[in-house]
Protein chains: 2
Amino acid sequence: MKIGELAKRTGVSIRMLRYYEEAGLLKPKRSASGYRDYVPNEVRTVERIKLLGSAGMTLATIQQFLPCVRGEEPVFEPCDELRNVLHEQIRLTDQKAAKLAQSRAILERFLCDIERR
Amino acid sequence: MKIGELAKRTGVSIRMLRYYEEAGLLKPKRSASGYRDYVPNEVRTVERIKLLGSAGMTLATIQQFLPCVRGEEPVFEPCDELRNVLHEQIRLTDQKAAKLAQSRAILERFLCDIERR
DNA sequence: CTTGACCCTTACAGCACTGTAAGGGTTTAG
DNA sequence: CTAAACCCTTACAGTGCTGTAAGGGTCAAG
């Protein structure tokens, strides 16, 4: 499968598929002429990358995490270490959420001040 | 007051004070030799910028908002329009928070999957 | 006068993507 | 064979700050 088709099937732009590769998340073989040649399985891998990305992970983090999710078996060895990544990720998310809640409170206060002029 | 002192008093780096100016948030006079000369009042303005910034506003947004907060009187005319800015800002914040909550849920799910291997 | 502390401008770096463009091969259908 | 449709690499742009460095004036104290 060439890059264009993978892009269509996953909804991820060609640009980003190349970027994923640059980040070490995909390693497609190359045809004689240098075209990237993806195995059908990669479709799922890309879906997983999207999922992890939507969980707020950086590509670098996803790279640590992906081996764990790759393959038919959902989980395996290095996951002991990856649990930490996950906890850390959750911590970061909560932290951002807290900051956001604080921002919201400030905005709310401004709104009150203005409404009641 | 020169820039170094304003920086010390507000805890904002010199770099950022110049950046605020570039964004149109501060307009200090210049001494004969070209040094920025801030009036004492600017200390409060900078504090307000920090506050609005901590509410998640972009400098561009703060610029729209600042005239409303500037001056002794906390609020005045253009605030009818600024109410919209504020509502929009809250909407954006809620939107980010929602996305974050979603991310957290995904992470949580991963964590479960892993814990229960 | 000299030195150290300050100030000025311009501009590049970095984060984490994402788009787009330039310049140039490959493949495939007509 | 030719042209459209694809693919390749390299690299710059933009977002929204923030730091840092280069190259060069200004000011105050000794």
Side-chain angles (χ1 to χ4, degrees), chain A residues 1-39 42 46 48-66 85 88-89 92-93 95-96 99-100 103, chain B residues 1-39 42 46 48-66 85 88-89 92-93 95-96 99-100 103:
Chain A
M1 178 174 21
K2 285 184 288 187
I3 200 169
E5 194 176 340
L6 182 58
K8 264 176 206 153
R9 289 201 196 172
T10 60
V12 173
S13 72
I14 290 178
R15 174 69 176 89
M16 288 315 293
L17 290 176
R18 297 205 185 105
Y19 189 60
Y20 288 173
E21 183 175 346
E22 197 182 323
L25 302 182
L26 295 174
K27 305 196 199 322
K29 292 200 174 60
R30 297 299 184 111
S31 75
S33 55
Y35 284 19
R36 289 173 178 79
D37 184 28
Y38 299 91
V39 294
E42 308 271 34
V46 173
R48 282 169 178 167
I49 294 173
K50 284 171 66 177
L51 181 62
L52 293 170
S54 74
M57 287 189 196
T58 275
L59 289 196
T61 303
I62 293 177
Q63 191 187 15
Q64 300 183 280
F65 204 85
L66 204 54
V85 175
E88 172 66 3
Q89 203 64 31
L92 286 176
T93 304
Q95 189 176 309
K96 283 183 195 166
K99 194 167 292 181
L100 224 45
S103 293
Chain B
M1 177 175 17
K2 286 184 288 188
I3 199 169
E5 194 177 340
L6 183 59
K8 264 175 207 154
R9 289 202 197 172
T10 59
V12 173
S13 72
I14 291 179
R15 174 69 176 89
M16 288 314 293
L17 290 175
R18 296 204 185 106
Y19 188 60
Y20 289 173
E21 183 174 347
E22 197 182 323
L25 302 183
L26 294 174
K27 305 195 200 324
K29 291 199 175 60
R30 297 300 184 111
S31 74
S33 55
Y35 285 18
R36 288 173 180 78
D37 183 29
Y38 299 92
V39 295
E42 307 272 32
V46 173
R48 282 169 177 169
I49 292 173
K50 283 172 65 178
L51 181 63
L52 293 169
S54 74
M57 287 188 196
T58 276
L59 290 196
T61 303
I62 293 178
Q63 192 187 17
Q64 299 184 281
F65 203 86
L66 204 54
V85 176
E88 172 66 4
Q89 203 63 31
L92 286 176
T93 303
Q95 189 176 308
K96 283 183 195 164
K99 193 168 292 179
L100 224 44
S103 294

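Sequence lines set the chain letters: A, B, ... in the order given, protein chains first and strands last, and positions in each chain run from 1. Everything numeric here is computed off the predicted structure, so don't read it as measured data.
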(message) So B:Arg18, base contact, sugar-phosphate only, or nothing? Heavy-atom distance under 4.0 Å.
(response) base

(message) Taking only side-chain N and O atoms of A:Arg36, does any of them lie within less than 4.0 angstrom of OP1 or OP2 on D:dC7?
(response) no

(request) Answer yes when B:Arg18 and B:Glu22 have at least one side-chain N-carboxylate O distance shorter than 4.0 Å, and no when they do not. (result) no

(message) Just the rounded figure in Å: distance from C1' of D:dG16 to CD of B:Gln89.
(response) 13 Å

(request) Can you tell me the distance, in whole Å, between the CG atom of A:Leu17 and the P atom of C:dG19? (result) 11 Å

(request) Inspect the contact between A:Arg30 and A:Glu21 and indicate whether a charged nitrogen and a carboxylate oxygen are less than 4.0 angstrom apart. (result) yes

(request) Measure the shortest side-chain to side-chain distance between B:Leu26 and B:Tyr38 over non-hydrogen atoms and say whether it is less than 4.5 angstrom. (result) yes

(message) Under 4.0 Å, counting only non-hydrogen atoms across every strand here, what does A:Ser31 touch: a base, just sugar-phosphate, or nothing?
(response) nothing

(message) Counting only side-chain nitrogens and oxygens, does B:Ser13 get under 4.0 Å of the OP1 or OP2 atom of D:dG19?
(response) yes

(request) Rounded off to whole Å, could you give me the CE-to-C1' distance for the A:Met16 and C:dT20 pair? (result) 14 Å

(request) Specify the closest pair of heavy atoms between B:Gly53 and B:Ile62, including all atoms of both residues, with the distance to one decimal. (result) N-CD1, 3.7 Å

(request) Provide, to the nearest angstrom, the distance between the CG atom belonging to A:Asp37 and the C1' atom belonging to D:dC7. (result) 13 Å

(message) Can you work out whether B:Lys2 or B:Thr58 has the more 5'-proximal nearest nucleotide on DNA chain D?
(response) B:Thr58

(request) Rounded off to whole Å, could you give me the CD1-to-P distance for the B:Ile14 and D:dA21 pair? (result) 14 Å

(message) Closest approach to the side chain of B:Ile3, judged atom by atom: which nucleotide of D:dC8, C:dC7, C:dT18 is it?
(response) C:dC7

(request) Give the rounded distance in Å between these two atoms: CD1 of B:Ile62 and C1' of D:dC17. (result) 11 Å

(request) Find the distance B:Glu22:CD to D:dC17:C1' and express it as a whole number of Å. (result) 11 Å

(request) Assign each of B:Ala32 and B:Ala60 to its nearest nucleotide of DNA chain D by heavy atoms, then name whichever residue's nucleotide is nearer the 5' end. (result) B:Ala60

(request) When you get a sec, tell me which of C:dC7, D:dT26, C:dA16 is the closest nucleotide to the side chain of B:Ser33? (result) D:dT26

(message) Nearest whole Å is fine: how far is D:dC6 P from A:Leu6 CG?
(response) 15 Å

(request) Answer whether the closest heavy-atom distance between the side chains of B:Arg9 and B:Met1 falls below 4.5 Å. (result) yes

(message) When you measure only distances, ignoring hydrogens and angles, does the side chain of B:Tyr35 come within 3.5 Å of the base of D:dG25 through a donor and an acceptor?
(response) yes

(message) So, under a plain 3.5 Å distance rule, would you say the side chain of A:Arg15 forms a donor-acceptor pair with the base of C:dT20?
(response) yes

